[in-house]
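These notes are about the structure you will find just below.
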Amino acid sequence: MLELRLVQGGLLKKVLESLKDLVNDANFDCSASGFSLQAMDSSHVALVALLLRSEGFEHYRCDRNLSLGMNLNNMAKMLKCAANDDIVTIKADDASDSVTFMFESPNQDKIADFEMKLMDIDSEHLGIPEAEFQAIVRMPSAEFARICKDLSTIGDTVVISVTKEGVKFSTRGDIGTANIVCRQNPSIDKPEEATIIEMEEPVSLTFALRYMNSFTKATPLANQVTISLSADLPVVVEYRVAEMGYIRFYLAPKIEE
Amino acid sequence: GSKQPMITRFFGKV
């Protein structure tokens, strides 16, 4: 028996909106510690890891570990029927082939339940090693989204370079080139507008903008995004999900042939 | 030209 009640149901809506274009089908893993997901995009180039800790739910009952195979597009369709301020409850029986999403309006005058069929999904679980990063950039998520969107009108790839001067995003295409530099800015008064760069050593890596743009669908979840970089290793683009967890996107850098 | 490696090249199956 599984019953997870999330007062901030809007968070789950935002999580699904940020996943549904990248991943088609995935297993949500429910355990005593939380509600999580790990999945690759269909071309196995990008990986997403989601964690919503059990403490973040108003009520969290998970009698035994359960894996719920869901089509994320269909799950997003159902969650779109919830209002942003609705309380969302996810329910499933151990042997059931369906999951129920219950939506309650904040003043309890409207209660809806949507039942969705579960799927059997063969998914590989990958081990993500703990890594020391050469550079970690924390910046406003909307700024990062704007940069990725703007650069993708000019080129297909972005070179992210971190130096003591700041973080530089560069692209080149048929019509020309573009460079955007964001300098460190602690923004004491408005921490959500800060750009903080922790650098062990300079690093410069090239990534496909198509995937970066897909990751920025998570922008509504958090004011800040963290971009962790190391030479020849996948970048980690992380958005915090309120106080309850995170969504992390991993993308391998392009390699010159 | 540049090549896009798969993520499985970096993270192994558990």
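Labels below follow one simple rule: chain letters A, B, ... track the order of the sequence lines, proteins then strands, and each chain is numbered from 1.
- Proximity to chain B is absent for every atom of A/D41, based on heavy atoms less than 4.5 angstrom apart.
- Contact of A/E256 with chain B is made through backbone and side chain together, with heavy-atom distances under 4.5 Å.
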**Study point:** CA sep, side-chain torsions, deciding dist, call: A/M40, B/T8, side-chain contact (heavy atoms from CB on, under 4.5 Å)
**Key:** CA-CA 9 Å; A/M40 287 185 277; B/T8 43; 3.8 Å; yes
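- For A/K168, the NZ atom is loosely surrounded, since the number of other residues' heavy atoms within 6.0 Å does not exceed 12.
- Within 6.0 Å of the CG atom in A/D94, the count of heavy atoms belonging to other residues, nucleotides or ligands exceeds 12.
- Atom CZ of residue B/F10 and atom CD1 of residue A/I128 lie 13.5 Å apart, to the nearest 0.5 angstrom.
- Enclosure of atom CZ in A/R210 is not indicated, since only 12 or fewer non-hydrogen atoms of other residues, nucleotides or ligands lie within 6.0 angstrom.
- For A/T157, no part lies near chain B; criterion is any non-hydrogen pair under 4.5 Å.
- Residue-environment remark: CG (A/D21) exceeds the threshold of 12 foreign heavy atoms within 6.0 Å.
- Atom CD of B/Q4 sits about 5.5 Å away from atom NZ of A/K254, to the nearest 0.5 Å.
- Heavy-atom contacts from other residues, nucleotides or ligands closer than 6.0 Å to CG of A/D232 number 12 or fewer.
- A/A252 and B/P5 make their closest contact through CB-O, 3.7 Å (heavy atoms, listed as atom of the first residue, atom of the second, distance).
- By the 4.5 Å heavy-atom criterion applied to side chains, A/L47 and B/I7 are counted as neighbours.
- Closest approach of B/F11 and A/G127 over heavy atoms only: CB-O, 3.4 Å.
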